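Worksheet for the structure shown next.
Because the structure is predicted, anything quoted here is derived from the model rather than measured.
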Amino acid sequence: MRKSTARRLAAVGLTGGLVAGALVFGTSPANAAAVTYVCTGATDDVASSEPRLFQDPYYRNSAQTLQLISDTMAGLGQVFSTTPSVQINVDPQGLPSSVAPGAPIAASFKFNAALPASLVTAAGALNLSAVTVSQATFAVNAVGATPGSFSGTAPDRVVPLVAGANVEHTVGGVVTPNAGVTGVAFKAGNASLTIRMNIQIGFVTIYHLKLSCTPNDVTVGLTTVNGPSPSSTSSTTSTTSTTSTTSTTSTTSTTSTTSTTSTTSTTSTTSTTSTTSTTTTTVAPPTSTTTTTVAPPTSTTTTTAPPATGGDTVSVRVGGGYSYQNSGTVGGSGYAVAADGSGINGISGFGTLPGKNGGSAWVRVNVNRFLWWSFGSIAVADPSAGINLEAPLVFAPQPYGSKTAASIGASWFNYADGFKSYTIDVTVGDKA
């Protein structure tokens, strides 16, 4: 990192609380487990940019942006880790203490994180009142069960940078113990999230920080497996004995007994002069069967989060020395369109969309209207198409359109492949 960049970052009072303290555990429920996650920055995104005179801007991914902040802190005599740790409480919700072999387990866990005072202090220095936490995904591993894990993604939410502000999400799933296990251990799985900021620090613009986090080995819940099998069958067999005797006096007795159901007894006596004696004994087959079936649990708790906001769109076209066109719904920070009585007075933001030939592309807009002109810049990059261009706006025509379709264009040149002039035309849709 260049020293001039570090000085500009230091000049605005950036502190280590910006990322290292972004999410830490707050008040812990009595049965919650505190899990420490170690996070690393993504290497497949564009997290920040820095303009350069007569050159393409210098773009950094999240890992490089964390390094930029770390180098800046070192220049201030402070320590900032490029692998920040995050502590989160994981609280089981109604997890059964035991189940029968083969019985399904409806498991639910609440992930609870709160913003610390250090981040609030840092935010004041940066004139940052809130951040947007997006694509926050939490997983739970089920050791000894099928499936072996389940996860959930929280909706995008704006988190005000005030002491005690919480980020919560409940993750639920149904697992079945594997044959032969005596228990199912639930452990915190991997997590990921994106902290969207869109802040300008000197000449450096930080759009977001995309983090992937790995937890320490902590058991957050345990269900033992014991007792009878969920389905068992018991049978009671009754024996019916029939005896027939013929003598000078013949007596016939028939007794039938059915277990738990009914008993029938019939006695018949007949006198005769016959001297023939015959005794016959017959054992009847079972006549009673009792079957007991334990049905699986029929109660399932599901936590449904509201749909995520967003859905901003962009359409970009590059003409002149380069030919490129792309459009679609964007990921990332999205776009903000401001208007007054005279029309569109500002367009800002950053969005990603699929590249023309694979991978990701992105479009950044930072334009403000002053009187009758526009000032700022437009940038577009699509590595799969060989596009990485930026165009400044100085006394340019003002943006036009509406909040859902705001347009602006700019022309510029470069020497990357010999002298080429080009025009970038962008239309963004702010759907928030």
Side-chain angles (χ1 to χ4, degrees), residues 14-27 35-42 44-48 61-63 65-66 69 83-91 109-124 126-140 151-171 188-199 205-215 303-312 330-336 349-352 431-432:
L14 181 64
T15 70
L18 179 60
V19 180
L23 294 173
V24 301
F25 67 89
T27 303
V35 182
T36 299
Y37 290 80
V38 177
C39 302
T40 57
D44 60 350
D45 65 335
V46 177
S48 63
N61 57 36
S62 287
T65 302
L66 286 171
I69 298 172
T83 55
S85 63
V86 178
Q87 288 184 292
I88 300 177
N89 284 325
V90 182
D91 184 20
F109 296 87
K110 179 185 289 184
F111 288 74
N112 185 332
L115 301 179
S118 59
L119 177 58
V120 178
T121 302
L126 296 171
N127 292 321
L128 188 64
S129 60
V131 295
T132 298
V133 177
S134 67
Q135 300 169 338
T137 300
F138 303 96
V140 175
S151 63
T153 300
D156 290 8
R157 65 190 70 186
V158 176
V159 181
L161 297 179
V162 296
N166 280 29
V167 177
E168 287 187 352
H169 185 60
T170 299
V171 176
N190 292 340
S192 61
L193 71 159
T194 299
I195 302 174
R196 292 167 20 192
M197 293 176 285
N198 278 331
I199 57 174
T205 301
I206 299 179
Y207 309 113
H208 64 253
L209 291 170
K210 181 180 178 183
L211 305 176
S212 297
C213 307
T214 303
T303 300
T304 303
T309 58
D312 291 357
V330 300
S333 307
Y335 302 102
F350 172 89
T352 61
K431 304 300 178 66

_Run the side-chain contact (heavy atoms from CB on, under 4.5 Å) test on V330 and T352 for me, step by step, so that the C-alpha distance in whole Å, both residues' side-chain angles and the decisive distance to 0.1 Å come before the verdict._
CA-CA 5 Å; V330 300; T352 61; 5.6 Å; no

*Passes side-chain contact (heavy atoms from CB on, under 4.5 Å), L211 versus L66? Steps please.*
CA-CA 10 Å; L211 305 176; L66 286 171; 4.1 Å; yes

*Test F138 against V90 for side-chain contact (heavy atoms from CB on, under 4.5 Å), laying out the working first.*
CA-CA 10 Å; F138 303 96; V90 182; over 6 Å; no

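Side-chain N or O atoms of D312 include one that pairs as donor or acceptor with a backbone N or O of Y335 at under 3.5 Å. The backbone N or O of S333 sits less than 3.5 Å from a side-chain atom of R196, completing a donor-acceptor pair.
Here the straight-line distance linking atom OG of S134 with atom NZ of K210 works out to 9.5 Å at 0.5 Å rounding.
Nearest heavy-atom pair, V133 versus V159, reported as atom, atom and distance to 0.1 Å: CG2-CG2, 3.8 Å. Nearest heavy-atom pair, P215 versus Y37, reported as atom, atom and distance to 0.1 Å: CB-CE2, 3.6 Å. Annotation for E168 and R157: closest pair O-NH1, 2.8 Å, computed over non-hydrogen atoms. Smallest separation of non-hydrogen atoms from A63 and G41: CB-O, 3.6 Å.
With L209 as reference, T65 is the one residue of T65, N61, V131, L193 to meet the side-chain contact (heavy atoms from CB on, under 4.5 Å) rule. Screening D45, D44, T194 for a side chain to side chain donor-acceptor pair (under 3.5 Å) involving S62 leaves a single residue, D45.
Taking the six-membered ring where the residue is Trp, F350 and H208 present tilted rings, their angle falling between 30° and 60°.
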